[in-house]
Amino acid sequence: MSLLETLLLAAALATDALAVSLAAGVTLREINPGHAFRLGWHFGFFQAAMTLVGWSIGLAVYELIAAVDHWVAFGLLILVAARMIIGSLRADARKADARKDEETEAAPVDPTRGWSLVLLSVATSIDALAAGLSLSLLRVSIWLPALLIGLTAALFSVGGVYLG
């Protein structure tokens with residue numbers, strides 16, 4: 001896997017973290033470096049960790065699916081892409097609904113703290129788990145991709161908070 005392919009994969013996996021960070025930036029009344037650091041650290045860590053977990057799972061089941069591994073990897077990557085497209089469409093629908101309900105808006109919850117942050121971190125990194133599994137089936141060394149996936153998610157997240 002080339003460096004360009006790895007960076008493109010990392011950018012694609014980081015788009016959901018970017019979207020959540022943009023939303024967090026919009027939600028927070030005042031943004032401070034702590035908000036950006038917490039989102040960047042957690043999203044980056046979870047993206048890298050889930051990539052490693054997926055890769056480990058893939059190694060464990062490789063012998064069971066060696067004959068069809070390329071089709072499994074293809075299917076997983078298709079699922080990741082479909083999930084991202086569907087998530088994007090749902091986000092657009094939620095934005096339209098949110099505009100209608102602006103008058104009844106409750107006090108915002110800080111998405112950079114507590115269980116909200118953990119749940120958002122896991123939710124945005126599920127596709128990294130599938131990508132890690134795919135990379136193991138393709139027999140790609142995981143350390144550089146996991147590092148780049150984590151760093152890219154962290155950078156996208158920090159940028160997203162400030163852009164939001």
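One-based numbering along the sequence shown.
The shortest heavy-atom contact between Gln47 and Ala17 is NE2-CB, 4.5 Å. Nearest heavy atoms, His35 versus Glu30: CE1-O, 3.3 Å.
In this structure, Met1 is a member of the same hydrophobic cluster as Trp55, with clusters built from ILVMFWY side-chain heavy atoms closer than 4.5 Å. No single ILVMFWY cluster, assembled from side-chain heavy atoms under 4.5 Å apart, contains both Phe37 and Val118. A single hydrophobic cluster is not seen to contain both Leu7 and Leu135; linkage of ILVMFWY side chains at heavy-atom distances under 4.5 Å, directly or through other members, places them apart. Put simply, Leu129 and Leu133 are part of the same group of oily side chains (I, L, V, M, F, W, Y) that touch within less than 4.5 Å, one to the next. Clustering ILVMFWY residues whenever any of their side-chain heavy atoms sit less than 4.5 angstrom apart, transitively, puts Leu52 in the very cluster that holds Leu9.
Looking only at side-chain heavy atoms (C-beta outward), Leu22 and Val26 stay at 4.5 Å or farther from each other. A heavy-atom distance below 4.5 Å is not found between the side chains of Met50 and Leu13. Counting heavy atoms from C-beta on, the side chains of Ser21 and Phe43 come closer than 4.5 Å. Looking only at side-chain heavy atoms (C-beta outward), Phe46 and Thr124 stay at 4.5 Å or farther from each other.
Partners of Phe45 under the ring pair (Phe, Tyr, Trp, His ring centres under 6.0 Å) rule, at least two apart in sequence or in another chain, are Trp41. Residues satisfying the side chain to side chain donor-acceptor pair (under 3.5 Å) test with Ser2, not counting sequence neighbours, are Glu5.
The backbone N or O of Leu39 lies less than 3.5 Å from no partner atom in the side chain of His42, so there is not a single donor-acceptor pair.
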Distance-only donor-acceptor hits, side chain of residues 139-161, under 3.5 Å, sequence neighbours excluded:
unit_1 : atom_1 : unit_2 : atom_2 : d
Thr152 : OG1    : Leu148 : O      : 2.7
Ser157 : OG     : Ala153 : O      : 2.7

